[in-house]
Each structure stands twice: as structure tokens, then as C-alpha cells.
Amino acid sequence: MSSVPGVFAAGGVAGCGAVIASHPFETVKIRMQLQGELQKRSTQPRIYNGPIHGLKVILRNEGIRGIYSGFGAGSAYQLLLNGSRIGFYEPIRSNLTSIIFTDTSHQNFGINIISGALSGVIGAVLGSPFFLIKTRMQTYSPIAPMGTQHVYRNTWDALRSIYGAEGLKGLYRGCDAAIVRTGMGSSVQLPCYYAAKGVLVKHTSMIEGTALHLVSSSISGCAVCCFMHPVDTVMSRMYNQNGGLYRGIFDCLAKTISTEGLLACYKGFLPHLARILPHTVLTLTLAEQAMAVVKGFEKGAVQL
């Protein structure tokens with residue numbers, strides 16, 4: 001078993017690697033979630049019509065820089081989120097298991113869900129300011145603005161601007177939605193991943209290796225996207241708001257549904273799916289490989 005700092009590093013590096021591929025679809029997703037915000041469906045603009053169309057529109061008008069806006073903040077967020085989600089999952093799981101069972105290696109689905117949620121919440125709190133900045137930088141467009149527009153030169157400029165104007169409270173605006181969203185996603189991601197691995201090993205000819213990791217993480221990614229997308233939409237809107245447009249999660253949800261209809265909660269679902277599938281596959285697959293490297297490194301360090 002690798003140390004917690006080692007697994008944290010492996011998870012963080014895996015998340016940073018995965019975001020290179022997933023960030024463009026994240027940009028499209030956020031803009032679609034804000035498209036027609038609090039407007040009747042009949043009057044809503046339709047600038048972005050799906051993941052591929054959205055990519056084409058942004059690339060044509062803003063270039064590669066537009067599609068990767070907020071990438072620095074997104075990488076910092078992934079480092080903290082996935083470092084926590086993967087690094088703290090097993091310690092939390094084994095400690096909770098030891099309270100009920102004598103064997104800490106025993107797998108209990110309920111405990112796994114709670115452990116995934118708690119480790120995800122830790123990551124969400126640590127990374128919330130960076131997700132706030134990432135969302136605002138991805139939303140900004142000089143050609144086709146969606147929602148409130150915030151102009152920052154880079155991540156550091158955004159940190160200074162928000163802290164200078166609103167203090168620490170401003171940097172943690174929308175954190176309550178992030179906790180719910182990430183807790184829900186994390187409670188599904190790792191338990192589904194390990195459950196899928198177990199079922200595939202038991203009922204198919206698949207063995208431990210890259211192919212098993214890819215299939216298991218794909219199943220996990222689909223489950224996460226379906227489960228947490230409505231809260232993800234709420235979070236994007238709360239992070240991007242300026243002032244007191246939404247008082248909280250339920251106020252945002254109520255205003256969104258009453259103005260735009262129930263399906264507004266699933267705006268940007270397809271780009272979210274296009275983003276989360278490769279991201280989950282890459283994160284969990286890279287994490288497995290990175291943890292193998294960490295184990296070898298720590299084993300060598302002990303022998304020295």
C-alpha cells in the first residue's frame with residue numbers, strides 16, 4: 001500500500017494529465033449551461049448547439065486560446081480535487097470499515113459511497129477558488145458572451161481581483177454547490193469503478209490491466225455524468241454570478257426550473273458526457289499507472 005502523500009500525488013498528476021484532453025468540452029459545457037440563463041425558452045439564444053458545434057464555434061471565433069481558457073486554474077483544481085479524491089479515499093474507507101468489520105480490506109458498497117463522497121468533499125473545498133476562476137475564465141467571450149462576463153488576465157490576476165473586491169468569501173462563492181456536486185459525483189465514481197472492475201473480472205475473461213481500467217472507468221464516467229449534471233449546472237451558474245442573483249443552491253434550482261423548464265437542469269449534458277468520459281478514463285487509468293510508479297519509488301526508498 002502506498003503512502004497517502006504518494007497516492008495524493010498520483011491522483012493529482014493523473015487529473016492534470018486528463019484535463020488536457022477534457023478541458024475543451026468543459027468550456028463548451030459551461031457556456032451551454034449559461035446559454036439563455038433565466039430566459040424563457042422561446043427567447044433563448046442558440047449559439048452553441050452541442051459538443052462538436054460548440055467546439056467549432058469557439059475555435060472559429062476565439063481560436064485554441066478560447067477553447068483552453070481557464071486551463072491553468074482547471075489544472076490546479078484537478079490537482080487538488082483528484083489528489084484528495086483518490087488520495088484520501090482508501091484511508092477513509094479502511095477507517096470506516098474497521099468500525100464495523102474486523103477485516104479492513106472488506107468491501108462494503110455503502111461504506112465505499114460514503115468514503116467517496118467525503119474524499120470528494122475535501123477536494124471540492126480545497127479546489128473551490130480555482131474552479132470559480134476556471135468557470136469565469138471559460139465563460140468570458142468577446143464574440144458570443146454568455147451570462148455574467150469577468151475579465152481576468154490569468155489565474156493569479158483573478159485571485160487578486162476577487163480577493164481584493166470580495167475577500168475570502170468571494171473566493172468561496174458557490175462552494176456549497178461544489179460540495180454537493182462533488183460529493184455526489186465522488187460517491188458514485190470510485191464505488192462504481194471498483195464495482196465494475198469486480199464484476200468484469202468475475203464474469204468475463206478480463207484480468208487486471210489497462211483494458212480493464214478503461215472499461216471500468218468508462219462505466220463509472222457514464223454513471224457520474226447522469227447522477228450529478230443538474231447540480232453541476234447549478235454550480236456553474238452560482239460560480240459565474242455577480243452579486244446576489246442566486247441566494248443558494250435551491251434558489252438557483254427553483255429560478256432555473258420556473259423560468260426555463262425542468263430540462264434546463266440538463267443543459268450542456270452532451271458536452272459534459274463528452275468531457276467526463278475521457279476525463280474519467282484518463283484520470284483513473286493514469287492514476288493506476290502513477291500509483292504503480294509511486295509504489296516502486298517508495299519501495300526503493302525504503303530499501304535504501
Side-chain angles (χ1 to χ4, degrees), residues 1-23 26 73-97 107-132 134 172 174-197 213 216-229 231-232 235 272 275-294:
M1 178 64 68
S2 299
S3 66
V4 173
V7 179
F8 184 99
V13 168
C16 289
V19 80
I20 297 171
S22 65
H23 192 85
E26 174 76 359
S75 298
Y77 172 74
Q78 289 298 327
L79 178 67
L80 294 168
L81 173 68
N82 284 295
S84 299
R85 187 153 54 183
I86 295 174
F88 297 139
Y89 173 78
E90 184 56 32
I92 293 173
R93 189 205 64 78
S94 60
N95 277 289
L96 289 177
T97 302
Q107 295 291 327
N108 178 273
F109 196 67
I111 290 175
N112 292 352
I113 288 176
I114 294 170
S115 304
L118 290 175
S119 61
V121 165
I122 293 170
V125 172
L126 292 175
S128 185
F130 293 104
F131 200 98
L132 170 78
K134 178 192 74 69
Y172 274 90
C175 186
D176 52 345
I179 288 172
V180 174
R181 178 252 193 193
T182 310
M184 289 173 67
S186 298
S187 69
V188 172
Q189 187 188 52
L190 290 179
C192 281
Y193 175 69
Y194 290 123
K197 278 180 68 177
H213 301 162
S216 302
S217 53
S218 296
I219 294 170
S220 172
C222 287
V224 169
C225 190
C226 294
F227 195 61
M228 77 174 188
H229 188 82
V231 185
D232 187 82
M235 186 181 73
H272 192 183
R275 173 251 170 199
I276 207 167
L277 279 179
H279 186 87
T280 304
V281 168
L282 287 170
T283 297
L284 296 178
T285 303
L286 289 173
E288 294 270 13
Q289 311 308 315
M291 281 190 279
V293 172
V294 168

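Just so we're clear, the structure is a prediction, and the values are computed from it rather than from any experiment.
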Inset, instruction - For H279 and E26, test the side chains for any donor-to-acceptor distance below 3.5 angstrom and give the result as yes or no. - result: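 Their side chains do not contain a donor-acceptor pair, so the 3.5 Å distance test is not met.
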Inset, instruction - Kindly indicate, with the supporting measurements, whether the criterion side chain to side chain contact (heavy atoms under 4.5 Å, CB included) is fulfilled by L286 and V13. - result: CA-CA 8 Å; L286 289 173; V13 168; over 6 Å; no
Would you say [X]'s side chain and [Y]'s backbone share a donor-acceptor pair under 3.5 angstrom?
X: Y172; Y: V125; result: yes
X: S84; Y: L80; result: yes
X: T285; Y: L282; result: no
X: S94; Y: P91; result: yes

About how many Å separate [atom2] of [Y] and [atom1] of [X], when rounded to the nearest 0.5 Å?
X: I179; Y: M235; atom1: CD1; atom2: CE; answer: 11.5 Å
X: L81; Y: S128; atom1: CG; atom2: OG; answer: 11.0 Å
X: Y89; Y: L118; atom1: OH; atom2: CG; answer: 11.0 Å
X: L79; Y: F8; atom1: CG; atom2: CZ; answer: 6.0 Å
X: S216; Y: Y194; atom1: OG; atom2: OH; answer: 10.5 Å

Legend entry - H229: partners by ring pair (Phe, Tyr, Trp, His ring centres under 6.0 Å), with sequence neighbours left out: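 Y266, F269, H272.
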Inset, instruction - Taking ring pair (Phe, Tyr, Trp, His ring centres under 6.0 Å) as the test, write out the residues that go with Y77, two or more places apart. - result: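 Scan of Y77 (ring pair (Phe, Tyr, Trp, His ring centres under 6.0 Å), adjacent residues dropped) gives F131.
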What's the shortest heavy-atom distance between [X] and [Y], and which atoms?
X: A73; Y: K134; answer: CB-N, 3.8 Å
X: V224; Y: G185; answer: CG2-O, 3.7 Å
X: R93; Y: S115; answer: CA-OG, 3.1 Å
X: A177; Y: V231; answer: O-CG1, 3.9 Å
X: L277; Y: S218; answer: CD2-O, 3.4 Å
X: A287; Y: I86; answer: CB-CD1, 3.8 Å

Inset, instruction - Taking the side chain as every heavy atom from C-beta outward, state whether V188 and M184 have any atom pair closer than 4.5 Å. - result: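 No, side chains not in contact.
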Inset, instruction - Please tell me if the side chains of V294 and V7 come closer than 4.5 Å, counting only heavy atoms from C-beta onward. - result: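 They are not in side-chain contact.
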Legend entry - Partner of I276 by side chain to side chain contact (heavy atoms under 4.5 Å, CB included), out of S220, C222, C225: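 For I276, the side chain to side chain contact (heavy atoms under 4.5 Å, CB included) test succeeds with only one of S220, C222, C225, which is C225.
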Legend entry - The single option from T97, I122, I114 passing side chain to side chain contact (heavy atoms under 4.5 Å, CB included) against I92: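 Among T97, I122, I114, the one that satisfies the side chain to side chain contact (heavy atoms under 4.5 Å, CB included) with I92 is I122.
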